[in-house]
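Everything on this sheet refers to the single structure shown next.
Atoms within each ligand, like the ligands themselves, are counted from 1 in listed order.
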Amino acid sequence: MENLLKRKLRIGISACQFGSKVRYNGKGIDLTQCLGRDRGQFIWTPVCPEIMSGMGVPRASIKLSGGDGFDFWRGKAIIKNKEGKNKSEVIKSGAHACLETLERANIDAYIFMEGSPSCGVYRTSLKNQRLGNPPGVFGALLLDRNIFLISSVDLQSPIRWWDWKRRLVAFVWVKEQNICSKDSLKEIWDKIKYVLYELHEEETTKLKNKFHEVLKKEAIDNVEFNKIKEDFLTLLRKPAEIENIKKYLWKNYIDLKNKEGIIVENVFEPHILRNMTHIAEELLGVEKEARKANLFFKSSPINYKPDR
Ligand code: SF4
């Protein structure tokens, strides 16, 4: 079982974050430009539920009333525009059209614009203006489908993006493994356990105990294998704390240095203050050297080498 992912990942994205000027006021920004060369490592599918609803640009802004996006789909909340018109039905059609597009595109993840009453997931307020309760209408559909979700704000932070990318790559790699024996389960665990501890020590310790209990059994059925796989995937969705990223970067770097002789300039101990960009450069530096020497880097266990 090689720790390699060669398939080019497919990412859906709120179109206004991909440079399309589709917001109600005709604005849009291309945050994928912040990713530099990483931008070319993915296949992108931009969608806009409000545009697909038939409302053009410019348009009156909309707001969720009477609940959150889940309530909306249960018929307990509505979408109104600034002129007081009920836009629920067209928004439903627009959101479904986008979801169908993303399903056809077979996306591995979706990058959403936080704050929108359509695409927002954890917040539906913009510039202190409340536009309903989160998630938004489209955000609720994405959550319901259990899609790997990334906030577009994090594309602007090199360290946050590094964290998202390594977890997404590990997530897809785990998802695509066929776990059909104790050995295959153990092999996966051995590759991703370091990242899981970094993400959530307490939950990973519990998972480890559960995992060892399962391994003691004489026979394990597919349902049990899949349950553990789901537990791995759930943990991989969680962003890491910056303090933990720094701590494990140092630990894993020292491990590579002592055991394999890898030397990377300007990698600092966790307590030394430096900015996020510097930490991201340290991570990328160690990752690059480890990959070059064909070594395992515990902070980023799966090697993503997409075909062109
Ligand atoms: S947040 Fe979503 S619905 Fe609003 S403009 Fe962007 S893509 Fe369209």
Considering only heavy atoms of [X], which atoms of ligand 1 have at least one such atom less than 4.0 Å away?
X    : result
P49  : 2 (Fe), 3 (S)
S116 : 1 (S), 4 (Fe)
S14  : 7 (S)
A15  : 7 (S)

Modelled atom types, side-chain donor and acceptor of [X] and [Y], under 3.5 Å:
X    : Y    : result
H278 : E282 : yes
N3   : W173 : no
D30  : T32  : yes
N81  : R59  : no

Worksheet item: So how far is it from S14 OG to I111 CD1, rounded to the nearest 0.5 Å?
Response: 9.0 Å
Worksheet item: Side-chain contact, heavy-atom cut-off 4.5 Å: W162 with I245?
Response: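 Of all side-chain heavy-atom pairs linking I245 with W162, at least one is under 4.5 Å.
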Fill in: Cation-pi, W164 ring and R160 (6.0 angstrom, 45 degrees)
no
Practice prompt. Look at C16 and state whether any of its N, O or S atoms is less than 2.8 Å from atom 6 (Fe) of ligand 1.
Written response: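 Yes, since at least one N, O or S atom of C16 sits under 2.8 Å from atom 6 (Fe) of ligand 1.
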Worksheet item: Looking at atom 8 (Fe) of ligand 1, is one of the N, O or S atoms of C48 less than 2.8 Å from it?
Response: yes
Worksheet item: Applying a strict 4.0 Å limit to heavy atoms, is V47 in contact with ligand 1?
Response: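 V47 counts as a contact of ligand 1 under the 4.0 Å cut-off.
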Worksheet item: How close does the nearest protein non-hydrogen atom get to atom 2 (Fe) of ligand 1, and which residue and atom is it?
Response: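 I find the closest protein heavy atom is C119 SG, 2.3 Å.
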Worksheet entry | Option of least heavy-atom distance to atom 4 (Fe) of ligand 1 (set: M52, E50, M113, K27) |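 That would be E50.
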